[in-house]
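Residues take their numbers from the sequence shown, with the count starting at 1.
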Amino acid sequence: MPYRINTGLKGTNPTLQICDASSGAVRLAWEYPRQDPALSEEDQELLTLRREEAIHELFRRLFMLTTEQYLKGEISEGGTMRSAFVQR
């Protein structure tokens, strides 16, 4: 299944949305966490840890989506998308 990738900014925070191109269903939605200058140093460190975990989770989910496409035969071993309009 081909995907449509939307990127943008909400204020100064980058966002990413990956949608199924045929159904339009959102498969992944991610927004970089906002920073609050009033947070204590300990809370800022915790937020930094959560941010790193969110980035790792994003890449894990992208890997899983790519693996799903590969197993369904929608992408070749070279990483190129196969046409969704070609009858098999």
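- For Gln17 against Val26, the heavy-atom pair with the smallest separation is NE2-CG2, 3.6 Å.
- Taking CH2 of Trp30 as the start and CZ of Phe59 as the end, the distance is 8.0 Å to the nearest 0.5 Å.
- Cys19 and Gly24 get closest at one heavy-atom pair: CB-O, 4.1 Å.
- For His56 against Glu52, the heavy-atom pair with the smallest separation is CD2-O, 2.8 Å.
- Side-chain atoms of Arg61 come within 3.5 Å of backbone N or O of Arg27 as a donor-acceptor pair.
- One distance of note links CZ of Arg60 with CG of Leu65; it measures 9.5 Å at 0.5 Å rounding.
- If you take OG1 on Thr67 and CE on Met64, they are separated by 6.0 Å, rounding to the nearest 0.5 Å.
- Remark: Arg50 does not engage Glu53 in a salt bridge, criterion side-chain N to carboxylate O under 4.0 Å.
- Annotation: side chain of Ile18 is in contact with side chain of Leu62 (closest heavy-atom distance under 4.5 Å).
- Under the 3.5 Å distance criterion, the side-chain polar atoms of Thr15 are matched with a main-chain donor or acceptor of Gly8.
- Note that CG of Leu28 is 8.5 Å distant from CD of Glu57, once rounded to the nearest 0.5 Å.
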